[in-house]
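All remarks here apply to the structure that follows.
Excluded from the calculations below are hydrogen atoms, water molecules and symmetry mates; all remaining heavy atoms, backbone and side chain alike, are included. In each ligand, atom 1 is the first atom listed, and ligand 1 is the first ligand listed.
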Amino acid sequence: MFRLLMSITLFFSLLTSVNSQTTIGHQAIEKKIQAMTLSEKIDFIGGYNDFYIRGYEHLGIPQIRISDGPVGVRNFGKSTAYPAAIGLAASFDKSLAYDFGKAIALEARAKNVHLLLGPGLNIYRLPITGRNFEYFGEDPHLAAQTSVAYINGMQDQGVMADAKHYLANNQEFNRNHVSSDMDERTMHEIYLAAFKPTVTQANVATVMAGYNLVNGIHMSEHHQLNNEILKGDWGFEGFIVSDWVATYDAKNAANGGLDLEMPSAAFMNQQNLIPLLNSGAVDEATIDDKVRRILRTYDRFGLFKQSDLSQGFTLDEAWVRQVAIDAARSGTVLLKNNSILPLERDKPARIGVIGPNGNRVVTGGGGSSGVAPLHPLSLVNALKQISHQGTDIVSDSGVFTGAPYPENLWDDFPLYIYQDDQKVQGTHAEFYLGTELQGDPVHKQFFDWLKLENEQLWQFPTVPKTDFSVRFTSFYSPKTTGYYSIGGIGDDGYRIILNDIEVVSLWRNQGPTAAKHEVFMNAGEEYKVVVEFYQAGGGATIQLGIKPAEMSKSPDDYSAPAIALAKDVDYVIMAVGFDWQTEGESYDRSFEMPYNQSELINQVAEVNNNVIVIINSGGNVEMESWIDKVNAVLMAWYPGQEGTLALAEILYGDTNPSGKLPASFAKRIEENPAYPFYFDDDGDLRVFYGEGIFLGYRYWDKVQQKPRFPFGYGLSYTQFEYTQLEISADKINTTENLTAKVTIKNIGQRAGSEVIQVYVEDIESRLPRPIKELKGYEKVHLLPGESKTVSMTLTPDDFSFYDPMLKKWVVEPGKFKVHAAASSDDIKQSAKFEIRP
Ligand code: BGC
C-alpha cells in the first residue's frame, strides 16, 4: 500500500515538477564554464562508471544517470518490458508512440534516470539485421514520425531522449569497422530524413553517434554529418553522445563534433587532449562548446534546479503497464487469415501451443535493449487467462533451444590443468598486448575459475586496461556420456575451441554477449578447452560454462511429441520465431527461423488442418516453405512483457488486429533490393548502398513487382471503405500547403481500426523519383457502420526531393498526385494537383 501511495504521489509530483521546471539561464552556465579548470572540462566530456556523466559538487553541476533504451528502462533493476520498437512502428499510431515514450520516462524518473538511450531509428535494409527489432522499419517518414512522438512523450516528462544510432548503422556484422557508403541524395532522402525531424520537430536532447563509418569516416568523427548538417543546418542544440566504445581518435572526435565520449574517456582525455590543445590541433573553444551544449541541455531539462528526480524506486503503475499491452494490441499484424480467426471463444476446444515461444516469455531480442520484465507472461498462460473454462490448452516446444547460456557447474564438472602431472582445478591464462594474441605473453596467470570481470582482468601491472588478449587453456572430462552445452559470455570478442575445433566464435567488439553450442561428449574422455578473448574498451568480461544439454536424443527427435500433440488437438498455435539468443545486438541473424522451426511447422501442418502461426522476430523470416500449408499468420514482433495477452485477445477477436507492416516482406531474402549491397564481400570494410533511394516499397513500385506482403499491409476482422478523398486545391505554388481529407467507413460487422496512408506521387520530375512516398498517416477507430473524415496537411517539404547539384531540397513545379491507401500496394483514392512556379 505504501508503495502504491508512493508511486501515485511520485506520478503527480513528477507532472507538476515538470511544469514548474526552472532554469538557471545561459549567463549562469557561462560562469560555470569559466570557473571550470581545463582538466575539469576535459574530464567532464568523458563518461564514467558505464552509465554516468560526472558531476562537480563545487560547481553545482549534478551527476547525470543514463539508462538504455529504447524499449524500457534497461538498467538499475526490473522495469516494464515494452514491445519491440518495430511493433510500435507497425501500430502507425502517433498518440500511442507518445504514450510509449511518456510511460518509459515515468519509469526512468522513478529510477532517477535523466537520459534514456532511445529511440533507435536506423532504417531496415534487410530482415537479417540483428537490431531491426529496436528500430522503426524501412520508411523514413514513419521512422521519423514515430520517433518524434516517442521523444515528445519522453521529454515532456523531463527525461532527455537520445536519437540513435546516427547515421546508417544498418547492420550489426563488423559494425565498428564497416563503412556505409552512399551517394548524397540517398543519404538525405532516406537516412538523414529519418533523423532530421527528431531535431527540427522534437528538439531531441541528445543524438548518439553510431559505431560505424559513413563514406569512410567514423560517425564519432564525422565533421560533415555532425558539425555541418546536424548542428549546422538543422540547428541541433543538444549534445552528441558516442555509442559505448565508438570513439577511435581524440583529435578527430574532438574536432568532428563528438561532445561526450561514452562509457569513459578512452580517447578524449587529458593525456591526449592537453598536447593537442597546446599544439593548436584542437581549440579550447571546441571543448567549451561541448561543455556548454551539455550544460545548456541540463538546464533546459531543469536539472540544475532539480537533479534528484525521485527517491529511486521502481514505478509499477497500471497505466504504464497498459501502454505496453496496448502497443502489442496495436502493432501486431495479421498477415494471413483463411477465415480461421477469430476463434470462437464460447466453444470449448482443445488447443495445442507448439513451438519454443509458447511456454517461455520472449519479451524482446538480445543485447543492450533487453529489459528484465516486471510482469512476464507466456503465451500459454495468457491463453489460459482468457480462454473458455472448458478449453484445454496444451503445449510442447517441439525443438531444443536449451538454456540461454550454460551456467558453470564447477563442483560436478570442473575445468582442470596439469601441474606436475597432478590435475588441479582451474585454467591457465596467457595475456598478450593487442587484441590478436600476438607476440610473447606479457603475463601468465592461473585462475581457479573462468568467470572474470573488469578488475580481475585488470590487476596485472604489465597488462593494460584495453587492447589486450588472453588465451585460457584447460581440460574437461565429463562424467556422463551425452549432449553438452558449451558456451560463454564475452565483452569483447571470444572463441571457444574444443579439441582444436572452434565451436563458438564471436571475435568482435561487443558488449557482454552470450553464445553456446551443443556437442556430444563421452564420459571419462578428456577434452582440451581453449578460450581466446580480447578486450578493446569499456568493461571486460569473459566466462565459460559447460553443462549437460538435457538432450537425450538428437535434435530432430524433439519434434515427435509435438507432432503427436498436433494430431490430437482442434487448433494448433505455432509460437515460433527468434528470441534473445538468436536475434540481437552485435550480430546479424539468419533469414530462416532458428532451431529448424520451418520444418516443425511443415510437420505439424501435415497432421492438423487448423494451424495458426505466430512469429516473433524483428522482421521478415523465411515463410515460403510453409505459408501455403497454414491457415493464419500473425506477426507479433516481440510483444514485451504481457503483450501475449494482446495476442490471445486477437486470436479470440476481443482485439481486432490493426498493425501494418513497417517494412516490405519479400518471399526470398535475395529479392530485397539491398541484398546485393549488404555484405562486405571483398573484405574492404566498405559497403556501397547500391539500391540508393529505391529501398523497400520504393523499389517494388519501381520494378512493378510485388513482394509477398507490401509495406503498410495488415488484415483486419472487419472491412473498410474509403469513400472520398478531397484536396484543398488543385493548384498550389511551391510554398503552399495542401490538405487532404479522406473519409473512411467501417462496412464490416466488428469494430476495428484502420491506418489511412497518404502517399505523394511526383508525376513529372527532373530527377528519377520513387513512384510514391509516404507523407502522412492516421489511425482511426470505427464502430460497425461508422464513418470518419480525417484531414492531413502536406507541406512543401512533402513534395520536395534532394537535389545533389544544388545541394538542397527543392520543390519542383509540375503535376502531382495524392493517394489515400490501405497499403503501399492498395491505393483506394487518388487526386491530382499541380504545383506552379
Ligand atoms: C548499443 C547502444 C546502447 C549502448 C549502451 C551499445 O552497445 O549500441 O544502443 O545504448 O550500448 O548500452
- Query: Would you say the side chain of Gln171 lies within less than 4.5 Å of the side chain of Val178, judging by non-hydrogen atoms?
  - Reply: yes
- Below 4.5 Å, heavy atoms only, C-beta onward: do Leu167 and Leu230 meet side chain to side chain? no
Using distance only, find each side-chain donor-acceptor pair of residues 193-202 under 3.5 Å and give its atom names and separation, not counting sequence neighbours.
{"unit_1": "Thr198", "atom_1": "OG1", "unit_2": "Phe195", "atom_2": "O", "d": "2.5"}
{"unit_1": "Thr200", "atom_1": "OG1", "unit_2": "Lys196", "atom_2": "O", "d": "3.2"}
{"unit_1": "Gln201", "atom_1": "OE1", "unit_2": "Gln145", "atom_2": "NE2", "d": "3.4"}

- Query: Considering only heavy atoms of Lys164, which atoms of ligand 1 have at least one such atom less than 4.0 Å away?
  - Reply: 2 (C), 3 (C), 9 (O), 10 (O)
- Value for CD (Glu134) from OG (Ser369), rounded to nearest 0.5 Å, stands at 3.5 Å
- Would you check, one step at a time, whether the test salt bridge (charged side-chain N to carboxylate O under 4.0 Å, His left out) holds for Asp99 with Lys94? CA-CA 9 Å; Asp99 285 348; Lys94 289 171 228 168; over 6 Å; no
- Item | Side-chain heavy atoms of Phe267 within contact of Glu261, under 4.5 Å | yes
- Note on the structure: Residue pairs meeting ring-ring contact (aromatic ring centres under 6.0 Å, His included), one or both in residues 62-81, sequence neighbours left out, come to none
- Where ligand 1 meets His165 - atom numbers and elements under 4.0 angstrom, heavy-atom basis: 2 (C), 8 (O), 9 (O)
- Query: Which part of Met262 is near ligand 1, with near meaning a heavy atom under 4.0 Å away: side chain, backbone, both or neither?
  - Reply: neither
- ligand 1 contact by Glu172, heavy-atom criterion under 4.0 angstrom: no
- Of the backbone atoms (N, CA, C, O) and the side-chain heavy atoms from C-beta on, which set of Arg131 has a member under 4.0 Å from an atom of ligand 1: side chain, backbone, both, or neither? side chain
- Query: Does some non-hydrogen atom of Glu134 fall short of 4.0 Å from ligand 1?
  - Reply: no
- Task: Check whether any N or O atom of Trp244, backbone or side chain, sits under 3.5 Å from an N or O atom of ligand 1, and answer yes or no.
- Result: no
- Phe578 six-ring centre to Arg589 NZ/CZ under 6.0 Å and within 45° of normal: yes
- Task: Check ligand 1 against Phe51 and write out every atom of the ligand that is under 4.0 Å from a heavy-atom position of the residue.
- Result: 5 (C), 12 (O)
- List every atom of ligand 1 that sits less than 4.0 Å from any heavy atom of Arg74, numbering the atoms from 1 in the order shown and giving each element. 12 (O)
- ligand 1 atoms nearer than 4.0 angstrom to some heavy atom of Leu117 are 10 (O)
- Message: Can you name the atoms of ligand 1, numbered from 1 with element, that are less than 4.0 Å from a heavy atom of Met208?
- Response: 10 (O)
- Message: Closer than 4.0 Å to some heavy atom of Arg175 - which atoms of ligand 1 meet that?
- Response: 7 (O), 8 (O)
